[in-house]
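Each chain gets a letter, A, B and so on, in the order its sequence line appears, and its residues count up from 1. Hydrogens, waters and symmetry mates are skipped; everything else that's a heavy atom, side chains included, is used.
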Amino acid sequence: MKFQLIQQCGHARRGRLTFARGTVETPAFMPVGTYGTVKAMKPEEVRGTGAQILLGNTFHLMLRPGEQAVRELGGLHRFMHWDGPILTDSGGFQVWSLSGLRKITEEGVKFASPVNGDRILLTPERSIEVQHALGADIVMQFDECTPYPATEQQARKSMELSARWAARCKTAHEALVPETRGGASARGLGPQPQARGGQGLPLAVLESPSALFGIVQGGMYEGLRRESLQRLTETGFDGYALGGLSVGESEDERLHVLDAIGHGLPPDRPHYLMGVGTPRDLVQAVARGIDMFDCVMPTRNARNGHLFTHAGVVRIRNSAHKTDGRPLDERCDCYTCRNYSRAYLHHLDKCKEILGAQLNTLHNLHYYQNVMQRIRAAVEGGDYAAFVADFLGSPEGGQASPAVPA
RNA sequence: GUGGCCGUAGCUCAGUCGGUAGAGUCCCAGAUUGUGAUUCUGGUUGUCGCGGGUUCGAGCCCCGUCGGCCACC
């Protein structure tokens with residue numbers, strides 16, 4: 001992986017990530033495909049929304065179907081028929097989300113499998129091994145996603161554990177990527193994403209050493225965040241992520257952490273804000289130096305009839321849309337908005353029809369990519385601050401502004 | 001004609017020993033941030049078929065009546 005900084009506007013950055021499998025324009029949003037699928041979408045549809053990279057999950061794929069099965073079937077890319085880059089989460093988020101089913105020790109985390117109750121041990125080494133077996137283009141360090149709220153003492157303990165695990169992940173990763181790393185990674189492969197046939201995939205895996213990202217923890221404490229970053233940069237990573245956010249804290253707290261740490265991240269590496277967020281979160285985080293995002297919000301909310309539009313949030317389930325013949329978002333040119341009425345989407349949602357989830361997800365992903373496109377254009381335009389002010393003042397940037405039909 | 005069973009929320013039904021009614025669904029609204037999500041949370045809705053009686057008090061007990069279903073003549 002290669003990261004190229006194209007333009008900067010304040011702390012906002014316009015960049016490009018180059019992988020053997022393709023290029024990612026940043027700031028970028030990565031749809032979440034936990035189980036090797038972006039729920040309700042075919043990969044071609046996801047690609048059609050403008051997405052250039054997906055997120056997959058170590059924990060879930062390790063349990064089912066198992067990383068060896070995926071490896072034998074040609075790696076995650078071929079398995080799920082997505083030929084672009086994939087970032088895999090390490091399982092660190094499940095340390096938080098499955099908190100009732102696990103026990104943390106220095107060695108790693110013991111989980112009770114949510115699939116069948118089996119006891120499994122996930123260590124930094126094991127997580128890296130699994131991510132390599134899956135064929136990830138970006139491998140995330142195994143971390144503990146610090147719960148919220150946490151006392152400074154708890155956050156410190158958690159951050160220090162994540163930092164030690166980060167170093168172990170680096171060692172494990174390097175053992176699996178013997179070749180020269182960094183600039184040589186994209187050697188001779190160019191940025192063509194179209195390996196359509198798929199025959200070339202195993203080869204591509206071999207010739208594409210994956211990147212390893214470290215994760216900054218430290219809860220809501222500025223000092224701990226800085227210390228975490230310091231430790232990570234001493235170890236050295238291909239990219240730096242901010243973890244432990246969007247776990248229940250307020251927007252103010254989130255922005256406070258970003259203000260404290262965002263622009264202090266190594267400038268020559270990509271900056272990834274994990275698990276965030278709402279459209280206004282994205283816009284604001286870019287202003288603080290973030291290049292990459294992932295979030296389940298557009299996909300999960302779509303399945304629940306919570307749709308993002310240029311005019312703000314539309315809860316398509318609400319009876320107000322029952323007889324509304326207008327498109328969901330008049331300023332959107334996605335397949336859903338071009339061909340269907342709000343009344344029809346409302347109908348599908350009420351009937352719990354599968355197509356409703358599909359059309360809604362397609363739109364939300366399209367909208368998110370559209371926001372990213374506008375963000376990138378705004379950075380290129382040279383007045384990102386104006387864009388932020390404009391966006392936050394508009395219905396789509398509002399805290400919670402349901403678009404009530406006239 | 002005789003006997004039995006059943007009438008409770010828009011729908012399907014529960015309701016103990018008599019203490020002025022609940023569930024699911026539907027409907028209305030909300031939540032969702034590195035997916036344990038086709039998920040979760042909250043809310044509205046009653047002539048307890050109708051009329052009498054007993055009782056301090058009846059969805060429940062008694063009488064009558066209307067409607068539906070079943071069995072037998």
Side-chain angles (χ1 to χ4, degrees), chain A residues 29-40 53-61 63-64 86-102 111-117 127 131 136 138-146 148 162 213-217 239 241-251 253-254 272-282 284-285 290 292-308 313 315-322 346 348-358 360-361 364 368 399-400 402 404:
Chain A
F29 180 82
M30 304 183 279
V32 175
T34 299
Y35 289 97
T37 167
V38 176
K39 292 181 192 293
I53 176 171
L54 299 186
L55 179 144
N57 194 289
T58 300
F59 184 78
H60 302 272
L61 293 170
L63 296 182
R64 201 164 45 186
I86 295 175
L87 175 149
T88 46
D89 186 25
S90 62
F93 186 70
Q94 279 63 48
V95 178
W96 175 77
S97 64
L98 301 179
S99 61
L101 295 173
R102 54 50 171 179
F111 289 94
S113 162
V115 176
N116 57 15
S127 175
Q131 293 182 70
I138 298 180
V139 170
M140 297 304 299
Q141 80 150 99
F142 186 57
D143 66 331
E144 185 201 1
C145 182
T146 307
Y148 177 89
S162 283
F213 280 29
I215 304 176
V216 178
Q217 290 289 346
L242 295 184
L245 291 173
S246 62
V247 288
E249 79 283 0
S250 68
E251 182 183 282
E253 288 174 292
R254 189 155 55 247
Y272 164 30
L273 177 54
M274 306 184 78
V276 172
T278 63
R280 63 183 277 128
D281 280 333
L282 306 182
Q284 295 182 99
I290 300 300
M292 304 166 65
F293 302 90
D294 80 279
C295 191
V296 302
M297 191 165 274
T299 44
R300 174 185 288 174
N301 285 22
R303 295 194 303 280
N304 295 316
H306 184 116
L307 306 176
F308 297 94
V313 168
R315 294 180 184 86
I316 202 67
R317 190 168 299 175
N318 289 7
S319 57
H321 305 111
K322 190 170 181 178
H346 171 85
L348 293 180
D349 183 86
K350 296 300 272 188
C351 298
K352 297 176 168 49
E353 277 294 336
I354 294 170
L355 182 60
Q358 295 173 328
N360 291 347
T361 302
N364 270 1
Y368 262 63
Q399 285 276 21
V404 182

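Per the geometry, OH belonging to A:Y35 stands 9 Å off P belonging to B:U38, to the nearest Å. Between A:M140 atom CE and B:G34 atom P there is a gap of 13 Å when expressed in whole angstrom units. The CD1-C1' distance, from A:I316 to B:G30, rounds to 16 Å in whole Å. Between the CD atom of A:Q141 and the P atom of B:G34 there is a distance of 18 Å, given to the nearest Å. Here B:U33 presents its P atom at 15 Å from OH of A:Y148, a figure rounded to the nearest Å. Distance, A:R64 CZ to B:U35 C1': 13 Å, rounded to whole Å. The CG-C1' distance, from A:N57 to B:U33, rounds to 15 Å in whole Å.
Comparing A:T278 and A:N304 against RNA chain B, the residue whose closest nucleotide sits nearer the 5' end is A:T278. Mapped onto RNA chain B by nearest heavy atom, A:G305 and A:V38 fall at different nucleotides, with A:G305 at the one closer to the 5' end.
For the C1' atoms, the distance linking B:U35 with B:C40 amounts to 14 Å, nearest Å. The C1' atoms of B:U20 and B:G10 are separated by 24 Å, rounded to the nearest whole Å. When the C1' atom is compared between B:A31 and B:A37, the two are found 12 Å apart, to the nearest whole Å. Between B:U12 and B:C17, the distance separating the two C1' atoms is 28 Å to the nearest Å. The separation of B:C61 from B:G7, taken at their P atoms, amounts to 11 Å, rounded to a whole angstrom. Look at the P atom in both B:U65 and B:C26: the space between them is 42 Å, to the nearest Å. Comparing the C1' positions of B:A14 and B:G46 gives an interatomic distance of 15 Å, to the nearest angstrom. Using atom P as the reference point in both B:G43 and B:U16, the two lie 25 Å apart (nearest Å).
Contacts of A:N318 with the nucleic acid, taken as non-hydrogen atoms under 4.0 Å apart, involve only primed sugar atoms and P, OP1 or OP2. Among the heavy atoms of the strands, none lies under 4.0 Å from A:G100. Contact annotation for A:E353: no contact, since no heavy-atom pair falls under 4.0 Å across all strands. Residue-level contact check: A:F293 touches neither bases nor backbone, having no heavy atom under 4.0 Å from any strand. Residue contacts shown for A:D294 are limited to sugar-phosphate atoms, with no base heavy atom under 4.0 Å away. A:K350 comes within 4.0 angstrom of the backbone, heavy atoms only, and of no base. Residue A:L273 is classed as having no contact, given no heavy-atom separation below 4.0 Å to the nucleic acid. The residue A:H60 sits close only to the backbone: its heavy atoms come under 4.0 Å of sugar-phosphate atoms, none of a base. In this structure, A:L101 reaches the bases: a heavy-atom distance under 4.0 Å links it to at least one base atom across the strands shown. Using a 4.0 Å heavy-atom criterion, one finds that A:D143 contacts the bases of the nucleic acid, with or without backbone contacts as well. Looking at heavy-atom distances under 4.0 Å, A:S319 makes contact with sugar-phosphate atoms alone, never a base. Residue A:L55 is classed as a sugar-phosphate contact, given heavy-atom separations below 4.0 Å to backbone atoms only.
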*Output, in order, the C-alpha distance, side-chain angles, deciding distance and verdict of side-chain hydrogen bond (donor to acceptor under 3.5 Å, both in side chains) for A:D281 and A:T278.*
CA-CA 5 Å; A:D281 280 333; A:T278 63; 3.0 Å; yes
*Tell me, with the steps shown, if A:D89 and A:T58 meet side chain to side chain contact (heavy atoms under 4.5 Å, CB included).*
CA-CA 6 Å; A:D89 186 25; A:T58 300; 5.6 Å; no
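Between A:F308 and A:Y368, the ring planes lie perpendicular to each other; the angle is over 60°, past the 30° to 60° tilted range.
The two residues A:G56 and A:I86 have their closest heavy-atom pair at N-CG2, 4.1 Å. Counting all heavy atoms, side chain and backbone alike, A:A302 lies closest to A:L307 at CA-CD2, 4.0 Å.
Side chain of A:H346 to main chain of A:S319: no donor-acceptor pair is present (N/O by atom type, distance under 3.5 Å, no hydrogens or angles).
Of the candidates B:U35, B:A31, B:U32, B:A31 carries the atom nearest the A:R315 side chain, counting heavy atoms from C-beta on.
Taking 4.0 angstrom as the limit, A:Q94 places a side-chain polar atom (N or O) nearer than this to OP1 or OP2 of B:U35.
Within 3.5 Å, a donor on the side chain of A:T299 pairs with an acceptor on the base of B:U35, or the reverse.
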